[in-house]
There are 2 protein chains.
Amino acid sequence: MFLADCQARLAFDLISNTWTAVVVWSLRHGPRRPGDLRTEIGGISPKVLTETLRRLESNGLVARRSYAEAPPRVEYDLTDLGRTLLGPIGALGEWAFDHADEVLAAQDRRIRAPMPRSNG
Amino acid sequence: MFLADCQARLAFDLISNTWTAVVVWSLRHGPRRPGDLRTEIGGISPKVLTETLRRLESNGLVARRSYAEAPPRVEYDLTDLGRTLLGPIGALGEWAFDHADEVLAAQDRRIRAPMPRSNG
DNA sequence: CGGAATCCTATATGATACTG
DNA sequence: CAGTATCATATAGGATTCCG
């Protein structure tokens with residue numbers, strides 16, 4: 001497996017958007033309405049949520065169902081294909097859970113020591 | 001584990017750049033020089049490669065070593081922390097390898113049937 | 001409520017040329 | 001060879017407003 005290959009690049013293009021992985025993860029337990037997603041995720045604008053869901057739909061990871069009711073009701077659900085992505089996304093999330101502090105510490109060091117060639 | 005959390009978002013911000021995951025993966029077998037990386041990866045400009053490596057360095061995932069030689073020699077290597085990221089990245093790459101065709105098929109369907117509400 | 005349209009800004013990427 | 005500087009462009013993200 002070569003990540004430089006187009007096939008592997010595909011996976012990264014898929015979830016490289018800021019909210020894509022978060023939205024997929026928010027759908028892991030079943031169908032959700034956009035309003036619920038916005039509440040659960042927080043900080044995502046309606047436009048961006050819609051764009052993200054549409055992109056996921058285009059890639060066959062999410063299915064959209066709308067009900068002819070008033071007020072209108074719409075639900076998004078992971079497809080079988082979308083569910084297969086939960087594993088890798090979960091692995092990445094777990095990694096973050098385990099190593100976030102180390103990354104933050106490294107970032108911190110960069111702030112504190114950005115100029116090693118001082119005159120001392 | 002909640003992907004909406006800042007901690008989990010961190011992981012996605014880390015590899016959400018186009019080349020980040022590819023560069024990390026290219027370093028999986030040991031230290032590499034920038035020129036080698038450019039050759040192996042292909043299609044990445046010197047500027048973007050440098051930016052990517054610098055970002056990885058800032059996050060503690062990659063270490064830079066330069067040798068006082070002529071011509072100048074520089075090597076980049078994964079840190080211990082960086083190596084822990086190979087698992088999740090590999091999982092994503094494997095997913096792509098297994099499901100790329102399905103994603104492409106879904107994209108294809110969108111192209112072929114973009115207007116379900118024709119007059120038929 | 002869902003979501004489309006509009007406007008705006010920040011950033012990532014890329015091509016190129018130059019410096020050490 | 002490594003890395004920076006500059007310029008240009010595409011796109012993502014965000015805020016807001018209006019429509020069904």
Side-chain angles (χ1 to χ4, degrees), chain A residues 3-4 6 9-10 12-24 26-27 31-59 62-77 107 110 114-117, chain B residues 4 6 9-10 12-24 26-27 31-59 62-77 107 114-117:
Chain A
L3 281 193
C6 290
R9 292 281 303 282
L10 178 72
F12 296 99
D13 290 343
L14 274 183
I15 70 157
S16 68
N17 294 90
T18 304
W19 298 104
T20 303
V22 179
V23 169
V24 170
S26 297
L27 290 171
R32 291 286 184 276
R33 303 178 62 174
D36 298 332
L37 290 174
R38 292 194 58 195
T39 301
E40 181 183 336
I41 294 172
I44 186 173
S45 73
K47 188 197 103 177
V48 174
L49 176 61
T50 298
E51 284 174 356
T52 303
L53 288 166
R54 288 257 184 284
R55 188 166 32 236
L56 286 168
E57 207 188 347
S58 299
N59 292 325
V62 157
R64 176 185 187 275
R65 250 180 324 181
S66 69
Y67 301 84
E69 302 176 1
R73 187 159 70 96
V74 174
E75 282 183 352
Y76 290 90
D77 195 8
Q107 290 174 355
R110 298 287 294 192
M115 303 178 298
R117 62 190 208 56
Chain B
C6 290
R9 293 280 304 283
L10 178 73
F12 296 98
D13 291 343
L14 274 183
I15 70 157
S16 69
N17 295 90
T18 304
W19 299 104
T20 303
V22 179
V23 169
V24 169
S26 297
L27 290 172
R32 290 288 183 276
R33 302 178 61 172
D36 299 332
L37 290 174
R38 291 195 56 194
T39 301
E40 180 182 337
I41 294 172
I44 187 173
S45 71
K47 190 196 97 177
V48 174
L49 176 60
T50 299
E51 284 174 356
T52 303
L53 288 166
R54 289 257 185 284
R55 187 165 33 235
L56 286 167
E57 207 189 345
S58 299
N59 292 325
V62 158
R64 177 185 187 275
R65 249 180 325 182
S66 69
Y67 302 83
E69 302 175 2
R73 187 160 69 97
V74 174
E75 282 183 351
Y76 290 90
D77 195 8
Q107 290 173 354
M115 302 180 299
R117 62 189 208 56

Open item on the list: Side chains of B:Leu49 and B:Pro34, heavy atoms from C-beta outward: is any pair under 4.5 Å?
Closed with: yes
TODO: Can you pull out how bent the helix from C:dC1-D:dG20 to C:dG20-D:dC1 is, comparing the axes over its first five and last five pairs, to 10°?
DONE: 40°
Task: Length of the line joining A:Arg33:CZ and C:dC1:P, which is rounded to integer Å - done: 8 Å
Heteroatom pairs (N/O) under 3.5 angstrom, protein to nucleotides 3-10 of chain C:
unit_1: C:dG3; atom_1: OP1; unit_2: A:Arg64; atom_2: NE; d: 2.8
unit_1: C:dG3; atom_1: OP1; unit_2: A:Arg64; atom_2: NH2; d: 2.3
unit_1: C:dG3; atom_1: OP1; unit_2: A:Tyr76; atom_2: OH; d: 3.2
unit_1: C:dG3; atom_1: OP2; unit_2: A:Tyr76; atom_2: OH; d: 3.1
unit_1: C:dA4; atom_1: OP1; unit_2: A:Arg54; atom_2: NH2; d: 2.8
unit_1: C:dA4; atom_1: OP2; unit_2: A:Arg54; atom_2: NH2; d: 3.4

Task: Integer-rounded Å distance: C:dA15 P and B:Arg38 CZ - done: 10 Å
Task: Nearest-Å distance for atom pair CD/C1', residues A:Glu75 and C:dC1 - done: 13 Å
Open item on the list: For B:Asn17, give me all partners under side chain to side chain contact (heavy atoms under 4.5 Å, CB included), at least two apart in sequence or on another chain.
Closed with: B:Thr20, B:Arg55
Task: Where A:Tyr76 and A:Leu27 come nearest, the two heavy atoms and their spacing - done: O-CD2, 3.4 Å
Task: Set of residues satisfying salt bridge (Lys or Arg N to Asp or Glu O under 4.0 Å) with respect to A:Arg73, sequence neighbours excluded - done: A:Glu69, A:Glu75
Task: Between P of C:dA12 and CG of A:Asn17, the distance in whole Å - done: 14 Å
TODO: With the side chain counted from C-beta on, respond yes when B:Val62 and B:Val23 share a heavy-atom pair under 4.5 Å apart, and no when they do not.
DONE: no
- [ ] Classify the nucleic acid contact of B:Glu51 as base, sugar-phosphate or nothing, counting any heavy atom under 4.0 Å across all strands shown.
- [x] base
- [ ] List in chain and number order the residues that pass side chain to side chain contact (heavy atoms under 4.5 Å, CB included) with B:Thr18, two or more places apart in sequence or in another chain; answer none if no residue qualifies.
- [x] A:Arg9
- [ ] With sequence neighbours excluded, tell me which residues meet salt bridge (Lys or Arg N to Asp or Glu O under 4.0 Å) with B:Glu51.
- [x] B:Lys47
TODO: Show your reasoning for whether side-chain contact (heavy atoms from CB on, under 4.5 Å) applies to B:Val24 and B:Ile15.
DONE: CA-CA 9 Å; B:Val24 169; B:Ile15 70 157; over 6 Å; no
Task: Side-chain heavy-atom pair A:Asn59, B:Gln107 within 4.5 angstrom cut-off - done: yes
Task: Side-chain heavy-atom pair B:Ser26, B:Arg32 within 4.5 angstrom cut-off - done: no
Open item on the list: Quick check for you: name the first and last nucleotides of DNA chain D, 5' to 3', having an atom under 4.0 Å from a heavy atom of chain A.
Closed with: D:dA12 to D:dG20
Task: Closest heavy-atom pair and its distance - B:Ile44, B:Trp19 - done: CD1-CG, 3.6 Å
